[in-house]
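Here's the structure we're looking at; comments come further down.
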Amino acid sequence: MNLTIVGTGYVGLVSGACFSEMGNNVTCIDIDEKKVDDLKNGVIPIFEPGLESMVKLNVENESLHFSTKLNDGLINAEIVFIAVGTPMGEDGSADLQYVLGVAKQLGKEMQRPLIVVDKSTVPVGTGDKVKVVIQKELDKRKKKIEFHVVSNPEFLKEGAAVQDFMKPDRIVIGADNDDAFKKMKALYSPFTHNHDRIITMDIRSAEMTKYVANAMLATKISFMNEIANICELVDADVNQVRIGIGSDSRIGYSFIYPGSGYGGSCFPKDVKALQKMAEDKGYKAALISSVERVNDLQKLVIANKVIKRFGNDLTGKTFALWGLAFKPGTDDMREAPSIYIVNELVKRGANINAYDPKAMQEAKSFYLKDIKEVNYFNSKYETLQNADALLLLTEWKEFRSPDFDELNMQMKNPIIFDGRNQYSNLKLENRGFEYYQIGKNSEPINE
Ligand SMILES: NC(=O)c1ccc[n+]([C@@H]2O[C@H](COP(=O)([O-])OP(=O)(O)OC[C@H]3O[C@@H](n4cnc5c(N)ncnc54)[C@H](O)[C@@H]3O)[C@@H](O)[C@H]2O)c1
């Protein structure tokens, strides 16, 4: 099939690469000229395991193309995906200006029947809005061109996006037209080889499904973080509690690790947008707003432990920081706990020696750009010299078994604050480190 993907970010680029990998002819459109130029020259703007080789291969095969002009993608396209950003607006709702901007442009430029797919995460009712905007433009042009709007929310996880797209748990398709369902099913059939993973429903329910999935996962995280904080106060071990409750098949082990709170491009804004959707209908979503509140506080738990240990004034203190990305496997720093922790410590006079395997460029050029107290190093051990403590913030594999002798030799004090998920527990075994974690060890321990 001939496909066009509008918006070549995490979702658009991964979708485009995977669809082309399955034999479709795909054109990815983006308004960011540098991004498109880079992609044409084989430079991949984001880090995502397996993505670079897939993009390069399909560009070489001439089944994946990039352009800044929507028209280039509309000549042959049967299906157009809208995969632009839906950032948080000032009032907490999803900002639909990019989605509706693309809809308008489609109405202005489409020449042949189209299926228009909302892949961006959009509030319930957006499908209707997209339809109205396209129709209005067609009416202005006095053109009668058949089109159908479909909702096909994306569930990929950054850090495993290619794998998730190629082997999805489910593919949700919301539509109100049989031909649209048929075409979408045909497009996705290569991804559901051994059993059918396509779930069809109406458009509004498909839009809602995405928000509910993210809100449920965010709720699990905040719930477990709150439990971790209570465990710490009553001197129970949250890790043992986790294993104890996970064994109940109604609860399960996944997504119940306490940590420094959720970040990234999706959970924070989607939880907020769901709250706003409810509020607009006169309903106060008490549980969902608490999920967000717990998360905001959780991002500062590790900073608070540092302050408790070293005092309010951190002037002259240097902290080595391993991990800037909001999770491993990505260079994405949107809403990462590291941003909040760095700001909190620097505000009190600290210097930060930072290292991340993938996200340092993001930090330098955007998220921590104005903070001159942050120095960046090319390896994790280089950050340690004269460090008063080490802060571990992202669950990158390379941080799991560090060389403790090296740590001991380089650091001023053998002190570690571990803000990662509990499964990343360091095995310190009588090495004389003070080790602080989420949910336990408020006081120094000497193992
Ligand atoms: N990132 C994720 O893990 C993820 C997962 C599932 C769903 N989503 C949702 O998918 C959507 C996209 O997210 P993302 O992370 O890929 O965003 P992103 O910011 O990485 O990419 C969006 C891209 O759209 C481009 N763009 C904006 N307006 C455009 C226009 N008019 N024409 C062409 N291109 C335009 C931007 O330049 C940018 O490159 C969001 O709604 C998000 O919530 C994201």
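One-based numbering, in listed order, for ligands and for the atoms of each. None of the values given here were measured: they were computed from a predicted structure. In what follows, every heavy atom counts, from backbone to side chain, and hydrogens, waters and symmetry copies are set aside.
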If we only count heavy atoms from C-beta on, is the [X] to [Y] side-chain gap below 4.5 Å?
X: Y262; Y: S222; result: yes
X: F326; Y: S265; result: no
X: S401; Y: K427; result: no

Which residue holds the protein heavy atom closest to [atom], what is that atom called, and what is the gap in Å?
atom: atom 19 (O) of ligand 1; answer: R334 NH1, 3.6 Å
atom: atom 24 (O) of ligand 1; answer: G7 CA, 3.4 Å
atom: atom 13 (O) of ligand 1; answer: V11 CG2, 4.1 Å
atom: atom 30 (C) of ligand 1; answer: I31 CG2, 3.7 Å
atom: atom 26 (N) of ligand 1; answer: V84 CG1, 3.6 Å
atom: atom 6 (C) of ligand 1; answer: E154 O, 3.2 Å

Considering only heavy atoms of [X], which atoms of ligand 1 have at least one such atom less than 4.0 Å away?
X: V102; answer: 30 (C), 31 (N)
X: G85; answer: 22 (C)
X: S265; answer: 1 (N), 2 (C)
X: G9; answer: 16 (O), 18 (P), 20 (O), 21 (O), 23 (C)
X: A83; answer: 12 (C)
X: T86; answer: 40 (C), 41 (O), 43 (O)
X: L156; answer: 3 (O), 5 (C)
X: K269; answer: 42 (C), 43 (O)

Look only at the side chain of [X] and the backbone of [Y], and say whether a donor-acceptor pair between them is shorter than 3.5 Å.
X: S20; Y: V26; result: no
X: Q111; Y: L74; result: no
X: E362; Y: Y367; result: no
X: T192; Y: S189; result: yes

Mark yes or no: K119 above the aromatic ring of F81, with NZ or CZ under 6.0 Å from the six-membered ring centre and no more than 45 degrees from the axis.
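Ring-cation test returns no.
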Any [X] heavy atom less than 4.0 Å from ligand 1:
X: K210; answer: yes
X: G101; answer: no
X: Q97; answer: no

Side-chain donor-acceptor pair under 3.5 Å between [X] and [Y], yes or no?
X: N25; Y: H65; answer: yes
X: Y355; Y: E398; answer: yes
X: N76; Y: N2; answer: no

Looking only at distances, can you tell me whether any N or O atom of [X], backbone or side chain, sits closer than 3.5 Å to an N or O atom of ligand 1?
X: D30; result: yes
X: Q105; result: no
X: E158; result: yes
X: K119; result: no
X: G12; result: no
X: D32; result: no

Can you spot which of W396, F377, F399, F417 makes a ring-ring contact (aromatic ring centres under 6.0 Å, His included) with W322?
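Passing option: F399.
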Proximity to ligand 1 by part of K35, non-hydrogen separation under 4.0 Å
side chain
Residue part near ligand 1, for K69, under 4.0 Å between non-hydrogen atoms:
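No part of K69 is near ligand 1 at this cut-off.
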Counting heavy atoms not belonging to Y98, are there more than 12 under 6.0 Å from its OH?
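Check fails, neighbour count at 12 or below.
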Using 30° and 60° as the class limits, which term best fits the ring planes of Y188 and F165: parallel, tilted or perpendicular?
tilted
Per atom 9 (C) of ligand 1, closest listed option by heavy atom (T121, L13, D95):
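It is T121 that holds the nearest heavy atom.
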Among T8, V6, I46, which one has a heavy atom closest to atom 33 (C) of ligand 1?
V6
Between K347 and E344 (salt bridge meaning N to carboxylate O under 4.0 Å), is one present in this structure?
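Here K347 pairs with E344 in a salt bridge, since their nearest N and O are under 4.0 Å apart.
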Distance flag, aromatic centroids of F223 and F255, threshold under 6.0 Å:
no
